[in-house]
Peer 1: 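Below you will find the structure I want to go over with you.
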Amino acid sequence: MDKLSVISGALFLTADLLAISSLCLPNWVVSDVIGETYIGLLKSCLTVYGRSIECYVPESQPNELLLTFAFIVLGVLCNTATVVLIATSYWKNKATKVARGTGFMSLTFFCLAAVVFPAAFSMDDIGGLPYQLPSSFRVGISYILFMLALWLTVISELFAAKVCLPHF
């Protein structure tokens with residue numbers, strides 16, 4: 001196993017942890033008008049007039065958010081498989097080629113999630129248009145963590161495919 005494989009595995013693992021943490025937090029879209037509103041992929045939370053925060057699962061969640069959740073879960077599974085395959089490549093060198101493929105699949109799933117998510121801005125709780133977030137809302141920390149996971153997956157795939165060759 002060469003240094004690039006170790007770097008790639010560490011970056012895939014970091015991206016995996018960032019994506020998992022973005023799924024755990026309901027802070028995908030945030031507003032602080034008339035209290036605080038946190039909209040997540042599966043649940044939403046409200047704080048009205050300084051009361052304690054109340055989280056609930058909406059009765060009808062938009063399909064775009066559910067699809068985004070499914071794509072991220074598939075991407076996390078592929079990322080985890082990629083980390084395992086990169087670790088396995090220490091003993092079996094052929095696992096590296098399979099790891100490149102699963103890494104590319106995770107990158108594809110993350111990109112699909114990034115494209116589908118903004119289509120949910122037209123949901124009733126937000127009141128915007130697809131791909132146009134109203135000025136009273138902003139993206140939250142969960143979305144930022146997911147974008148970091150996406151970019152780390154891109155960089156780690158470049159290392160895994162030996163496209164980006166640093167000089168050590």
Peer 1: In a table with atom names and distances, give each donor-acceptor pair under 3.5 Å that connects a side chain of residues 71-84 to protein atoms at least two apart or in another chain.
Peer 2:
| from | atom 1 | to | atom 2 | distance (Å) |
| --- | --- | --- | --- | --- |
| Asn79 | OD1 | Ser106 | OG | 3.0 |
| Thr80 | OG1 | Asp16 | OD2 | 2.6 |
| Thr80 | OG1 | Val76 | O | 2.9 |
| Thr82 | OG1 | Cys78 | O | 2.7 |
| Thr82 | OG1 | Thr102 | OG1 | 2.7 |
| Thr82 | OG1 | Gly103 | N | 3.1 |

Peer 1: Locate the shortest heavy-atom distance separating Glu157 from Arg100; write the atom from each residue and the value.
Peer 2: OE2-O, 3.1 Å

Peer 1: Kindly state each residue pair satisfying disulfide (SG to SG under 2.5 Å) with at least one member in residues 5-41, sequence neighbours excluded.
Peer 2: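 Output for this query is empty, none listed.
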
Peer 1: Determine all donor-acceptor pairs shorter than 3.5 Å in which one atom belongs to a side chain in residues 134-143; sequence neighbours excluded.
Peer 2:
| from | atom 1 | to | atom 2 | distance (Å) |
| --- | --- | --- | --- | --- |
| Ser142 | OG | Leu25 | O | 3.0 |
| Ser142 | OG | Asn27 | N | 3.3 |

Peer 1: Can you name the nearest heavy-atom pair linking Leu11 to Ser156, along with the distance?
Peer 2: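 The pair with the smallest heavy-atom distance is CB-CB, 3.4 Å.
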
Peer 1: Between Ala119 and Ser122, which heavy-atom pair has the shortest distance, and what is it?
Peer 2: O-OG, 3.5 Å

Peer 1: Identify the two heavy atoms, one from Leu23 and one from Phe69, that lie closest to each other, and give their separation to 0.1 Å.
Peer 2: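 The pair with the smallest heavy-atom distance is CD2-CD1, 3.6 Å.
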
Peer 1: Take a 6.0 Å sphere around CG of Asp125 and say whether it holds more than 12 heavy atoms from other residues, nucleotides or ligands.
Peer 2: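 Enclosed: over 12 neighbouring heavy atoms sit under 6.0 Å from CG of Asp125.
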
Peer 1: My understanding is that only residues two or more places apart in sequence, or in another chain, count here; which of them pass side chain to side chain donor-acceptor pair (under 3.5 Å) with Gln132?
Peer 2: none

Peer 1: What closest approach, in Å, do Phe110 and Phe146 show between heavy atoms, and which atom pair accounts for it?
Peer 2: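 What the structure gives for the nearest pair is O-CZ, 3.3 Å.
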
Peer 1: List the atom pairs, donor and acceptor, that lie under 3.5 Å between side-chain atoms in residues 32-47 and the rest of the protein, sequence neighbours left out.
Peer 2:
| from | atom 1 | to | atom 2 | distance (Å) |
| --- | --- | --- | --- | --- |
| Glu36 | OE1 | Tyr38 | OH | 2.5 |

Peer 1: Could I get the full list of side chain to side chain contact (heavy atoms under 4.5 Å, CB included) partners for Ala10, not counting sequence neighbours?
Peer 2: none

